[in-house]
Amino acid sequence: MPRRQIVKICGLSTEATLDAALDAGAQMIGLVFFEKSPRHVSLETAAALAARARGRAQIVALTVNADDALIKEIVRKVRPDWLQLHGAESPERCAALRVAHGIRVMKALGVSGPEDIEAARAYVGHVDRLLFDAKPPKGAELPGGNGLAFDWTLLKGLDLGPPLMLSGGLAVGTVADAIRISGISAVDVSSGVERARGEKDPDLIEKFVAAARSAAKEELGA
């Protein structure tokens, strides 16, 4: 499957930072529905942001072990293009949501070693994209958005079937190395473009997208 450069800015919560992501050319924007996260947004706020982004970027709704009722409300009110499942959702759960809502599903998986990459194979055929993030520290409240990286060499040359995306420890100064080392040009950032926890910085968003695009162009030989 041909690789495609994608930049996803996740955890957006204001019109100003959403506009910064769109104006910079991010192809995906992420809205977080997880109350423990400083990036959590209400359904009403998310619906307004999604309406503003629709047609300019793909809208990703991130949930963590959400129940059917919440996901149904998100799909109905926000109308996302993707569900990003960032908890302990099983391959069967992913497949069921994909069918029930007729929506693409991205499964985020924490990585600390090669055994985590191997475990991802169970999701092949059940999801539309796999996102590899750093495994959170023991006892952490958040499954992602912790600003941690993992060994990107684990992903070099990896082809599981569905497209892959890289997250974890990405920022303006690290994204080029991450793309070069992993060989993955689809990247996802949240804390790496924040001036404070949960507060996105428009200038960092612009610089991150530019850095990712430049690195991906070199990696893909485009």
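Predicted model only: the values in this text are computed from it and were never measured.
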Fill in: Residues, nucleotides or ligands: over 12 heavy atoms within 6.0 Å of Glu206 CD
no
Discussion item. Contact between Asp128 and Pro162 at the side-chain level, heavy atoms closer than 4.5 Å - yes or no?
Written reply: no
Worksheet item: Stepwise, does the side-chain contact (heavy atoms from CB on, under 4.5 Å) test hold for Val127 with Arg98?
Response: CA-CA 8 Å; Val127 301; Arg98 192 184 185 200; 5.9 Å; no
Worksheet entry | Cluster overlap Trp82 with Leu166, hydrophobic side-chain contacts below 4.5 Å | no
Fill in: Over all atoms of both residues, closest heavy-atom pair of Val64 and Gly87
CG1-CA, 3.9 Å
Discussion item. Are Leu158 and Met106 connected into the same hydrophobic cluster when the rule is that any two of I, L, V, M, F, W, Y join if their side-chain heavy atoms are below 4.5 Å apart?
Written reply: no
Worksheet item: Mind checking whether Val189 and Phe132 sit in one hydrophobic cluster, side chains of I, L, V, M, F, W, Y counted as touching below 4.5 Å?
Response: yes
Worksheet item: salt bridge (Lys or Arg N to Asp or Glu O under 4.0 Å) between Lys207 and Asp203: does it pass, once the steps are laid out?
Response: CA-CA 6 Å; Lys207 288 177 178 177; Asp203 184 56; 3.2 Å; yes
Discussion item. Let's go through Asp23 and Arg56 carefully: what are the C-alpha distance in whole Å and the side-chain angles of both, what is the deciding distance for side-chain contact (heavy atoms from CB on, under 4.5 Å) to 0.1 Å, and is it a yes or a no?
Written reply: CA-CA 9 Å; Asp23 291 344; Arg56 296 185 64 189; 3.0 Å; yes
Discussion item. Taking the basic N atoms (NZ, or NE/NH1/NH2) and the acidic carboxylate oxygens, is any pair closer than 4.0 Å for Glu118 and Arg121?
Written reply: yes
Discussion item. For the CD atom on Glu115, are there more than 12 heavy atoms of other groups (residues, nucleotides or ligands in this structure) within a distance under 6.0 Å?
Written reply: yes
Worksheet entry | Separation between OG of Ser190 and CG of Leu12, rounded to the nearest 0.5 Å | 8.0 Å
Item to complete: Evaluate the side-chain proximity of Lys8 to Val187: yes if any heavy-atom separation is below 4.5 Å, no if none is.
Response: no
Discussion item. Is it the case that over 12 heavy atoms from other parts of the model lie below 6.0 angstrom from the CZ atom of Arg79?
Written reply: no
Worksheet item: When rounded to the nearest 0.5 angstrom, what is the spacing between CG in Asp19 and OG1 in Thr14?
Response: 8.0 Å
Worksheet item: Can you hop from Val209 to Val60 via hydrophobic side chains spaced under 4.5 Å?
Response: no
Worksheet item: Among all residues two or more places apart in sequence or in another chain, which pass the side-chain contact (heavy atoms from CB on, under 4.5 Å) test with Thr63?
Response: Phe33, Ala66, Ile71, Ile74, Leu85
Worksheet item: Is there side-chain contact between Lys107 and His126, with at least one heavy-atom pair below 4.5 Å?
Response: no
Fill in: Check: Asp116 side chain, Gly113 main-chain N or O, donor-acceptor pair, under 3.5 Å
yes
Discussion item. Hydrophobic cluster membership, with links at side-chain heavy-atom distances under 4.5 Å among I/L/V/M/F/W/Y: are Phe34 and Met28 in one?
Written reply: no
Item to complete: Calculate, to the nearest 0.5 Å, the distance between atoms CD and NE2 belonging to Glu35 and His40 respectively.
Response: 4.5 Å
Worksheet entry | 4.5 Å side-chain heavy-atom contact, Val111 and Trp152 | no
Item to complete: Taking the side chain as every heavy atom from C-beta outward, state whether Ile117 and Leu155 have any atom pair closer than 4.5 Å.
Response: yes
Worksheet, complete the sentence: Minimal heavy-atom distance between Arg39 and Gly198, with the atoms involved, is CG-CA, 3.9 Å
Worksheet entry | Leu109 and Leu131, any side-chain heavy atoms less than 4.5 Å apart | no
Item to complete: Would you check if the side chain of Thr45 reaches a backbone N or O of Ser42 as a donor-acceptor pair within less than 3.5 Å?
Response: no
Worksheet entry | Backbone N/O of Leu164 and side chain of Arg129: donor-acceptor pair under 3.5 Å | yes
Worksheet item: Distance from Arg197 atom CZ to Ser37 atom OG, nearest 0.5 Å?
Response: 7.5 Å
Discussion item. Can you give me the closest heavy-atom contact between Leu160 and Ala120, atom names plus distance?
Written reply: CD1-CB, 4.1 Å
Discussion item. How close do Leu62 and Cys10 get, counting heavy atoms only, and between which atoms?
Written reply: CD1-SG, 3.9 Å
Fill in: Lys156 with Asp151: basic N within carboxylate O range, under 4.0 Å
no
Worksheet entry | Heavy-atom closest pair, residues Pro91 and Tyr123 | N-CE2, 3.4 Å
Worksheet item: Which heavy-atom pair separates Val7 from Ala212 by the least distance, and what is that distance?
Response: CG2-CB, 3.7 Å
Discussion item. With side-chain contact (heavy atoms from CB on, under 4.5 Å) as the criterion, how do Lys217 and Gln5 come out once you've worked through the C-alpha distance, each side chain's angles and the decisive distance to 0.1 Å?
Written reply: CA-CA 8 Å; Lys217 185 176 181 180; Gln5 188 268 331; over 6 Å; no
Response to the item:
Rounded to the nearest 0.5 Å, the OG atom of Ser112 sits from the CG atom of Leu154 at a distance of 9.0 Å
Worksheet item: CD1/Ile29 to CD1/Ile9 distance, rounded to the nearest 0.5 angstrom?
Response: 10.5 Å
Worksheet item: Between Asp68 and Arg93, is there a salt bridge with N-O shorter than 4.0 Å?
Response: yes
Discussion item. For Ile59, is there any backbone N or O sitting under 3.5 Å from a side-chain donor or acceptor partner on Asp81?
Written reply: yes
Worksheet item: Would you say the side chain of Ile205 lies within less than 4.5 Å of the side chain of Lys200, judging by non-hydrogen atoms?
Response: yes
Practice prompt. Evaluate the side-chain proximity of Ile6 to Met165: yes if any heavy-atom separation is below 4.5 Å, no if none is.
Written response: yes
Worksheet item: Would a distance-only check, ignoring hydrogens and angles, find a side-chain to backbone donor-acceptor pair under 3.5 Å from Glu89 to Ala108?
Response: no
